[in-house]
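Here is the structure we will look at.
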Protein chains: 2
Amino acid sequence: MSDQHALQQFIDFLQAEGKNITRERLDIFNEVLHQKSHFQIKDIIQKKSNSKHRISRATVYRTIKTIEEAGLIKYIRTINDEKIYETVKEHHDHMICEVCGKIMEFYDRDLEDLQNIICNSYHFTPVRHTMKIFGICEGCQKKK
Amino acid sequence: MSDQHALQQFIDFLQAEGKNITRERLDIFNEVLHQKSHFQIKDIIQKKSNSKHRISRATVYRTIKTIEEAGLIKYIRTINDEKIYETVKEHHDHMICEVCGKIMEFYDRDLEDLQNIICNSYHFTPVRHTMKIFGICEGCQKKK
DNA sequence: CAAATAATTGAGATTGTGTCTCAATTATTT
DNA sequence: AAATAATTGAGACACAATCTCAATTATTTG
């Protein structure tokens with residue numbers, strides 16, 4: 001998904017919700033797009049409180065929430081319970097290294113299928129799920 | 001695992017760590033054991049600040065952390081991002097109803113095996129994992 | 001056993017995250 | 001252009017969790 005397309009999705013969402021398309025909102029969304037794959041709110045706040053057109057903390061929180069509601073970002077929790085956001089691409093799960101904190105994404109079709117089968121047997125209708133595997137990444141294993 | 005056994009495990013842990021076995025620690029641990037399966041720290045704080053031998057908020061936090069380190073409890077996050085603790089029994093995963101908030105536990109051997117296979121293919125050594133499936137429980141489906 | 005040492009506790013201060021309030025500003029509608 | 005509605009910024013507020021430090025309690029040692 002290109003940045004342009006993502007931006008359009010965000011604008012569509014704002015319009016659908018009857019929200020105004022303001023400089024602040026677009027500005028924060030652009031900042032989100034230009035972050036490295038995993039970022040924290042404090043990074044955005046920091047960046048935006050120094051920038052030329054400074055934006056307040058409250059507005060950053062409000063807008064991040066809006067982008068989340070638009071389904072364009074989501075967060076996971078690290079080992080230290082920090083919220084780490086990422087832009088939503090295809091669905092995937094995570095492996096998190098307990099040594100260096102690296103976050104890896106993976107997707108496995110069999111796993112998804114199996115989950116649906118399990119839910120079925122519990123008469124539970126799945127909507128979404130999160131799975132995190134904590135362990136030691138290849139690099140950290142070699143270092144030891 | 002009986003409460004007696006759990007208590008012994010906690011005492012063993014304290015001793016192994018060179019920590020004193022105090023009334024406050026045992027008292028909080030007992031409270032944890034007597035909670036219903038899923039509880040929150042504020043429940044314990046509330047109970048212990050009224051009880052005969054009152055215990056401070058700080059000590060409750062400290063002790064819950066210790067019990068967690070002992071591997072005897074762990075927490076999950078609800079839809080509202082609240083921490084919900086549970087005593088550690090056999091490993092299991094969770095289904096969480098987005099309507100009523102009910103938390104169900106399940107265990108599936110195939111799922112566990114599959115996870116190990118996936119990790120293997122990524123050269124990642126798994127230590128533990130959490131999986132939460134959000135959706136709608138049987139009861140809430142029927143209500144609609 | 002008593003003194004010395006070490007660990008723990010309680011109370012409240014502090015930190016950090018996130019939300020709320022409300023006046024001022026900006027955008028939209030009429 | 002005036003009236004109306006939405007958004008923003010600043011700081012207050014709420015809450016969870018941690019920290020500080022003096023007072024207390026437990027443990028060790030002579």
Side-chain angles (χ1 to χ4, degrees), chain A residues 10-32 35 38-70 73-85, chain B residues 10-32 35 38-70 73-85:
Chain A
F10 184 47
I11 290 172
D12 289 350
F13 178 81
L14 291 176
Q15 284 174 335
E17 296 280 306
K19 289 178 192 296
N20 293 344
I21 293 153
T22 63
R23 181 183 65 68
E24 288 83 356
R25 284 179 176 149
L26 295 183
D27 202 353
I28 291 168
F29 188 71
N30 269 313
E31 192 54 52
V32 163
Q35 287 291 314
H38 295 105
F39 65 92
Q40 292 184 257
I41 286 198
K42 63 183 177 191
D43 300 333
I44 308 286
I45 291 172
Q46 227 254 303
K47 200 84 180 280
K48 288 295 132 194
S49 46
N50 297 329
S51 97
K52 189 175 173 186
H53 300 290
R54 81 179 299 281
I55 301 176
S56 73
R57 210 165 59 93
T59 298
V60 173
Y61 272 109
R62 284 190 279 240
T63 304
I64 289 292
K65 199 173 204 179
T66 305
I67 301 173
E68 216 180 327
E69 283 161 8
I73 55 174
K74 62 177 179 179
Y75 69 86
I76 54 173
R77 294 261 180 190
T78 65
I79 339 175
N80 314 317
D81 241 6
E82 293 171 323
K83 278 188 178 180
I84 300 274
Y85 282 85
Chain B
F10 184 47
I11 291 173
D12 289 351
F13 177 81
L14 291 176
Q15 284 175 335
E17 295 279 308
K19 289 180 192 296
N20 293 344
I21 293 154
T22 63
R23 181 183 65 69
E24 288 82 355
R25 284 177 177 151
L26 295 183
D27 203 354
I28 291 167
F29 188 71
N30 270 312
E31 192 54 51
V32 163
Q35 288 291 314
H38 295 105
F39 65 93
Q40 292 185 258
I41 286 197
K42 62 184 178 190
D43 300 332
I44 308 285
I45 291 172
Q46 227 254 303
K47 199 85 180 278
K48 287 296 131 194
S49 46
N50 297 328
S51 99
K52 189 175 172 185
H53 300 287
R54 81 179 299 282
I55 301 176
S56 72
R57 211 162 54 92
T59 299
V60 172
Y61 272 109
R62 284 190 279 241
T63 304
I64 290 292
K65 199 174 206 177
T66 305
I67 301 174
E68 216 180 327
E69 282 162 9
I73 56 174
K74 63 178 180 179
Y75 69 85
I76 54 173
R77 294 260 180 190
T78 65
I79 339 174
N80 315 316
D81 244 6
E82 291 170 324
K83 278 188 178 180
I84 300 274
Y85 282 86

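Convention: sequence-line order gives letters A, B, ...; per-chain numbering from 1.
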Next on the checklist: Phe13(B) vs Thr66(B), test: side chain to side chain contact (heavy atoms under 4.5 Å, CB included). Steps then yes/no.
Outcome noted: CA-CA 9 Å; Phe13(B) 177 81; Thr66(B) 305; 3.9 Å; yes
For atom [atom1] of [X] and atom [atom2] of [N], their distance in whole Å:
X: Lys65(A); N: dT17(C); atom1: NZ; atom2: C1'; value: 12 Å
X: Asn20(A); N: dT29(C); atom1: CG; atom2: C1'; value: 11 Å
X: Lys42(A); N: dG16(C); atom1: NZ; atom2: P; value: 9 Å
X: Lys48(B); N: dA11(C); atom1: NZ; atom2: C1'; value: 19 Å
X: Ile64(A); N: dT19(C); atom1: CD1; atom2: P; value: 11 Å
X: Asn80(B); N: dT17(C); atom1: CG; atom2: C1'; value: 16 Å

Next on the checklist: Can you give me the first and the last nucleotide of DNA chain D (5' to 3') that has an atom within less than 4.0 angstrom of a non-hydrogen atom in chain B?
Outcome noted: dA16(D) to dT27(D)
Checklist entry - Are any of Tyr61(A)'s side-chain N or O atoms less than 4.0 Å away from OP1 or OP2 of dT19(C)? => result no
Item to check | Earlier contact from the 5' end, DNA chain C, for Thr22(A) and Thr63(B) | outcome: Thr63(B)
Checklist outcome for this item: DNA chain C nearest-nucleotide lookup for Ala58(A) and Gln40(A): closer to the 5′ end is Gln40(A)
Item to check | Side-chain heavy atoms of Ile44(A) within contact of Gln35(A), under 4.5 Å | outcome: yes
Checklist entry - Would you call Thr22(A) and Leu14(A) a side-chain contact if the rule is heavy atoms closer than 4.5 Å? => result no
Checklist entry - Can Phe10(A) and Ile21(A) be said to form a side chain to side chain contact (heavy atoms under 4.5 Å, CB included), step by step? => result CA-CA 10 Å; Phe10(A) 184 47; Ile21(A) 293 153; over 6 Å; no
Item to check | Between the first and last five pairs of the helix from dC1(C)-dG30(D) to dT30(C)-dA1(D), the angle of the axes, rounded to 10 degrees | outcome: 20°
Next on the checklist: Please determine whether a side-chain nitrogen of the Lys or Arg among Asp81(B) and Arg77(A) lies less than 4.0 Å from a carboxylate oxygen of the Asp or Glu.
Outcome noted: yes
Next on the checklist: Check whether Asp43(B) reaches the backbone of Gln40(B) with its side chain - one donor and one acceptor, N or O, closer than 3.5 Å.
Outcome noted: yes
Item to check | Exam field: side chain Thr63(A) to backbone Val60(A), donor-acceptor pair closer than 3.5 Å | outcome: no
Next on the checklist: What contact category does Ile55(A) fall into here, base, sugar-phosphate, or nothing, at under 4.0 angstrom with non-hydrogen atoms?
Outcome noted: sugar-phosphate
Checklist entry - Which part of the nucleic acid, if any, lies within reach of Arg62(A) when heavy atoms closer than 4.0 Å are counted: base, sugar-phosphate only, or nothing? => result base
Checklist entry - Which is it for Glu17(B) and Glu69(B) under the side chain to side chain contact (heavy atoms under 4.5 Å, CB included) test, yes or no, and what are the steps along the way? => result CA-CA 11 Å; Glu17(B) 295 279 308; Glu69(B) 282 162 9; 5.5 Å; no
Next on the checklist: Just checking Lys83(A): does its NZ atom have more than 12 heavy atoms from other residues, nucleotides or ligands closer to it than 6.0 angstrom?
Outcome noted: yes
Checklist entry - Between Arg23(B) and Arg57(A), which has a closest nucleotide on DNA chain D that is more 5'? => result Arg57(A)
